[in-house]
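Here the structure comes first, spelled out in structure tokens, and everything after it is commentary.
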Amino acid sequence: MKISKALLIVDVQNDFCPGGALGVQNGDRIVPVLNRYIERFARAGMPIFVTRDWHPPMTSHFNTAGGVWPPHCIQGSKGAEFHPDLKISNDAVVLSKGTATDEDSYSAFAAADSRGAALKDLLRQRGIERIYVGGLATDYCVKETVLEGLMQGFQVVLLQDAICGVNLQPEDSAQAIDAMVKAGVTVAPPVDSFRL
Ligand code: VGL
């Protein structure tokens with residue numbers, strides 16, 4: 001039997017793109033690549049899940065309240081919107097994370113849809129066995145998502161040409177990819193030779 005697959009796009013929001021509150025250098029360059037993956041999955045009739053960081057104005061995740069990061073992706077703000085060129089289809093499932101005042105919620109598995117359903121349950125309900133992960137940022141939310149997906153028993157494929165890292169330290173993204181590979185992620189070939 002053919003295995004059920006889903007695309008999972010992590011946090012491709014204005015604040016994580018150049019000019020945003022926590023802009024990832026070249027973060028917007030993955031958008032056209034992600035659009036090609038979106039098209040492939042849509043054409044194959046496979047579900048697409050899209051997460052967003054969706055923080056309250058005050059949270060311990062921010063450096064204004066003891067955390068590490070400058071305020072970003074505040075609920076309802078322009079910075080929290082998805083990158084305007086990302087072609088999210090109407091039937092994609094949008095999940096929000098980091099909505100409480102006391103959580104980092106790096107992993108997409110901490111996200112829930114508008115009715116409060118968790119990603120893991122939505123995937124299981126649809127019989128999804130393998131997830132393909134792209135988005136921002138390689139060294140935080142993508143990494144945590146991949147590691148938790150593997151831990152939850154999903155097969156996880158990393159879309160290496162559709163991720164980009166914060167790199168507080170220059171090696172952070174490379175180290176994150178190493179950690180994901182050690183944990184069992186499969187690294188997909190570039191989108192031109194990608195096969196579903
Ligand atoms: C992220 C840093 C802080 C991410 C979120 O989406 O990778 N990084 N919050």
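Computation of the quantities below employed the complete heavy-atom set of this structure, encompassing side-chain atoms and omitting hydrogens, waters and symmetry-equivalent molecules. Each ligand, and each atom within it, is numbered from 1 in the order the structure gives. From a predicted model like this one, the values you see are computed outputs, not experimental measurements.
Asp102 meets the side chain to side chain donor-acceptor pair (under 3.5 Å) test with no other residue; sequence neighbours excluded. Residues forming a salt bridge (Lys or Arg N to Asp or Glu O under 4.0 Å) with Lys97 (at least two apart in sequence, or on another chain): Asp11, Asp53. Contacts of Asp178 classified as side-chain contact (heavy atoms from CB on, under 4.5 Å), with partners at least two apart in sequence or in another chain: none.
Taking the six-membered ring for Trp and the full ring otherwise, the centers of Tyr132 and Tyr37 sit at least 6.0 Å from each other. Taking the six-membered ring for Trp and the full ring otherwise, His83 and Phe16 have centroids separated by 6.0 Å or more.
With respect to the salt-bridge test (charged N to carboxylate O, under 4.0 angstrom), the residues Lys78 and Glu81 qualify.
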Are there any protein N or O atoms under 3.5 Å from the N or O atoms of ligand 1? List them with distances, or say none.
residue: ligand 1; atom: 6 (O); partner: Asp11; partner atom: OD2; Å: 2.9
residue: ligand 1; atom: 6 (O); partner: Leu136; partner atom: O; Å: 3.4
residue: ligand 1; atom: 7 (O); partner: Ala137; partner atom: N; Å: 2.9
residue: ligand 1; atom: 7 (O); partner: Cys141; partner atom: N; Å: 3.0
residue: ligand 1; atom: 9 (N); partner: His61; partner atom: NE2; Å: 3.3
residue: ligand 1; atom: 9 (N); partner: His72; partner atom: NE2; Å: 3.4

